[in-house]
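Here is the structure we will look at, set down as structure tokens.
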Amino acid sequence: MAPRSRRRRHKKPPSSVAPIIMAPTTIVTPVPLTPSKRGPSIDTLGFFSLDDNVPGLSQLILQKLNMKSYEEYKLVVDGGTPVSGFGFRCPQEMFQRMEDTFRFCAHCRALPSGLSDSKVLRHCKRCRNVYYCGPECQKSDWPAHRRVCQELRLVAVDRLMEWLLVTGDFVLPSGPWPWPPEAVQDWDSWFSMKGLHLDATLDAVLVSHAVTTLWASVGRPRPDPDVLQASLKRLLTDVLSRPLTLGLGLRALGIDVRRTGGSTVHVVGASHVETFLTRPGDYDELGYMFPGHLGLRVVMVGVDVATGFSQSTSTSPLEPGTIQLSAHRGLYHDFWEEQVETGQTHHPDLVAAFHPGFHSSPDLMEAWLPTLLLLRDYKIPTLLTVYSHQELVSSLQILVELDTHITAFGANPFMSLKPEQVYSSPNKQPVYCSAYYIMFLGSSCQLDNRQLEEKVDGGI
């Protein structure tokens, strides 16, 4: 059974934060996902929240992608096969329709269907990212747009270059680290370690037929080579940020990865972001971060895990130096009771959640509360990441109210360097994945098991 303290009611967070001192082989086994009880989907909530800022934007996206419903959109995002006529006749049509999903006036929020015959949506010539229905809206919006125009220019390039990851034409460079792991503390040292070999790999991608075809299909001038190489580097950090951030947590929380039989990491609240395009080699860097490790299991658990991502409940020991990726679709506290407590899968040495978002919605907070209390009461080393300093403060408020023992928090040295545009608020400051982290272990009260039971039974 999960801890009875799961049933404790969650009180409203305080208004401020209380002061806190403080060469592997990757295995993916293709096994169908086990159905489990569903919870609130952060993907679903996020999609329909687009209409809060731009009424009708969700329907515009479905229309431009040749989809009949959100259910069909979700099916494709999860890696499934759509049932209608989804698809495009040629790359040019695909890129045009994808770009059309961003076409609305950034100032008055007008969609193409709401414009008079005399108005046409045109993008900012500097960033090629934000659209306006006329000079008046663009002029009125300039004070807000000027602060983010340069960053949004990078977003526009990255959005196109990311297609190379989807098609497999940009394969992440990989190989054992020539430097001692303790010397690689952030992206600066990581890029210095990779050196000229990485530059040569990226240059080979830039002169490939795939890149030539890409820019011939998008209907805009091809940027200079240094601009495209910088984009590839940002995309690389976006993919590798997750495994290296897990490594940061294993290091900081003192997890022994040389334990016989291997070590286990659970990624909670996983979605299509962590699973849809994940390839076997994407987590190799985590193994290179810990040379001599005796096997690492990374289990993705969440209601939005991509269809077809592998699942393995085997408790067999791993071969030294291997990394095993698997997934389970469902809520984590259910997974714990059904899989972990019954011995069907390994007890975690570390639990991580990338952008849990429990601060943003009562529904998400209600879904996350049992998991947060479980992690606290079982004293499981836990790592969370958030997009911004504002999210960091809000999340800390909640965790302090839940009496978690926060061991560390701050800027993540392995945050993604790829700026993320807020879809329905294009002039909002772009955010970066896993920009900040929070680590906690157990309760700030530090009760032993007997005291915990007495506290729960007493209804406190």
So, E151 versus Q429: side-chain donor-acceptor pair below 3.5 Å or not?
yes
Ignoring hydrogens, what is the shortest heavy-atom contact between R146 and P143? Give both atom names and the distance.
CG-O, 3.4 Å
About how many Å separate CG of L198 and CG of L232, when rounded to the nearest 0.5 Å?
9.5 Å
Would you find a donor on one side and an acceptor on the other, under 3.5 Å apart, between the side chain of R297 and the backbone of L325?
no
Heavy-atom distance under 4.5 Å between the side chains of S263 and F290, does that happen here?
no
Main chain of K64, side chain of R97: is a donor-acceptor contact present, judged purely on distance under 3.5 Å?
yes
Evaluate the criterion side-chain contact (heavy atoms from CB on, under 4.5 Å) for residue pair F354 and L246; output intermediate values, then yes/no.
CA-CA 10 Å; F354 298 111; L246 293 181; 3.8 Å; yes
Determine, stepwise, if the pair N412 / S434 fulfils side-chain hydrogen bond (donor to acceptor under 3.5 Å, both in side chains).
CA-CA 7 Å; N412 181 7; S434 298; 4.8 Å; no
Separation between CG of L240 and OG1 of T245, rounded to the nearest 0.5 Å:
10.0 Å
Applying side-chain contact (heavy atoms from CB on, under 4.5 Å) to Y283 and R242, what does each step give before you reach the verdict?
CA-CA 8 Å; Y283 278 72; R242 287 185 287 274; 3.9 Å; yes
Using atom types as modelled and distance alone, determine if a side-chain donor or acceptor of T201 lies under 3.5 Å from a backbone N or O of H197.
yes
Donor-acceptor check, side chain of D256 to backbone of R258, threshold 3.5 angstrom: yes or no?
yes
Supply the atom-to-atom distance L383 CG to L441 CG, rounded to the nearest 0.5 angstrom.
12.5 Å
Looking at L152, is its backbone amide N or carbonyl O close enough to the side chain of N129 to form a donor-acceptor pair, meaning the two atoms are under 3.5 Å apart?
yes
Does R234 count as lying over the ring of W187, i.e. NZ or CZ under 6.0 Å from the six-ring centre, within 45 degrees of the axis?
no
Would you confirm whether T342, through its side chain, and Q339, through its main-chain N or O, come within 3.5 Å as a donor-acceptor pair?
yes
Tell me, do V265 and P348 make a side-chain contact under 4.5 Å, heavy atoms counted?
no
Would you say E274 and V305 make side-chain contact, with heavy atoms under 4.5 Å?
no
How close do W368 and A353 get, counting heavy atoms only, and between which atoms?
CH2-CB, 3.7 Å
So how far is it from D100 CG to I61 CD1, rounded to the nearest 0.5 Å?
11.5 Å
Any Lys/Arg nitrogen of K233 or D199 sitting under 4.0 Å from an Asp/Glu carboxylate oxygen of the other?
yes
Are H328 and W336 close enough that their ring centres sit under 6.0 Å apart?
no
For the pair H293 (side chain) and G295 (backbone), establish whether a donor and an acceptor sit closer than 3.5 Å, ignoring hydrogens and angles.
yes
Run the side-chain hydrogen bond (donor to acceptor under 3.5 Å, both in side chains) test on D169 and T167 for me, step by step, so that the C-alpha distance in whole Å, both residues' side-chain angles and the decisive distance to 0.1 Å come before the verdict.
CA-CA 6 Å; D169 291 301; T167 60; 2.6 Å; yes
Do the two ring centres, one from F102 and one from H123, sit under 6.0 Å apart?
no
Does a side-chain heavy-atom distance below 4.5 Å link L392 with I438?
yes
Passes side-chain contact (heavy atoms from CB on, under 4.5 Å), V267 versus V351? Steps please.
CA-CA 6 Å; V267 177; V351 167; over 6 Å; no
Under 3.5 Å, is there a donor on one side chain and an acceptor on the other for S443 and D403?
no
For the aromatic rings, using the six-membered ring if either is Trp, is the centroid distance between F409 and F440 under 6.0 Å?
no
For the residue pair H389 and Y436, what are the closest heavy atoms and their distance?
N-CE1, 3.3 Å
For R220, is the CZ atom crowded, meaning more than 12 foreign heavy atoms sit under 6.0 Å from it?
yes
Check S192 against W179 and note the closest heavy-atom contact, atom names and distance.
CB-CH2, 3.7 Å
More than 12 heavy atoms of other residues, nucleotides or ligands under 6.0 Å from CZ of R222: yes or no?
yes
At what distance, to the nearest 0.5 angstrom, does CG of L384 lie from CZ of F358?
5.5 Å
Report the residues that fulfil salt bridge (Lys or Arg N to Asp or Glu O under 4.0 Å) with R259, sequence neighbours left out, ordered by chain and then residue number.
D349
Hey, does M161 have a side-chain heavy atom less than 4.5 Å from the side chain of L214?
yes
Output every pair passing salt bridge (Lys or Arg N to Asp or Glu O under 4.0 Å) with a member in residues 183-198, not counting sequence neighbours, ordered by first then second residue.
K194-E285
Would you name the heavy atoms of A367 and H333 that are closest together and state the gap between them?
O-CE1, 3.7 Å
Does any non-hydrogen side-chain atom of L250 lie less than 4.5 Å from one of L286?
yes
Would you say K379 and H405 make side-chain contact, with heavy atoms under 4.5 Å?
no
Can K418 be said to sit on top of Y432's aromatic six-ring, NZ or CZ under 6.0 Å from centre and within 45° of the ring axis?
no
Run the side-chain contact (heavy atoms from CB on, under 4.5 Å) check on V211 and S208 step by step: do they pass?
CA-CA 6 Å; V211 173; S208 68; 3.6 Å; yes
Closest contact, heavy atoms only, G357 versus S360:
O-OG, 2.7 Å
Under 6.0 Å between ring centres: does that hold for F414 and W190?
no
Kindly say whether E99 contributes a backbone atom to a donor-acceptor pair with the side chain of R103 at under 3.5 angstrom?
no
Tell me whether E341 contacts the main-chain N or O of E338 through its side chain, where contact means a donor paired with an acceptor under 3.5 Å.
no
Is there side-chain contact between P430 and V422, with at least one heavy-atom pair below 4.5 Å?
no
What is the distance from atom CG of L253 to atom CD1 of I380, rounded to the nearest 0.5 Å?
12.0 Å
Side chains of Y332 and H266: any donor to acceptor distance under 3.5 Å?
yes
Hey, can you tell me if H355 and Y387 have their rings parallel, tilted or perpendicular (30° and 60° cut-offs)?
parallel
Is it true that, when you exclude Q390 itself, more than 12 heavy atoms of the residues, nucleotides or ligands shown sit nearer than 6.0 Å to its CD?
no
Please answer whether the main-chain N or O of E391 pairs with a side-chain N or O of S394 as donor and acceptor at a distance below 3.5 Å.
no
With no hydrogens and no angle check, do the side chains of S416 and S241 hold a donor and an acceptor under 3.5 Å apart?
no
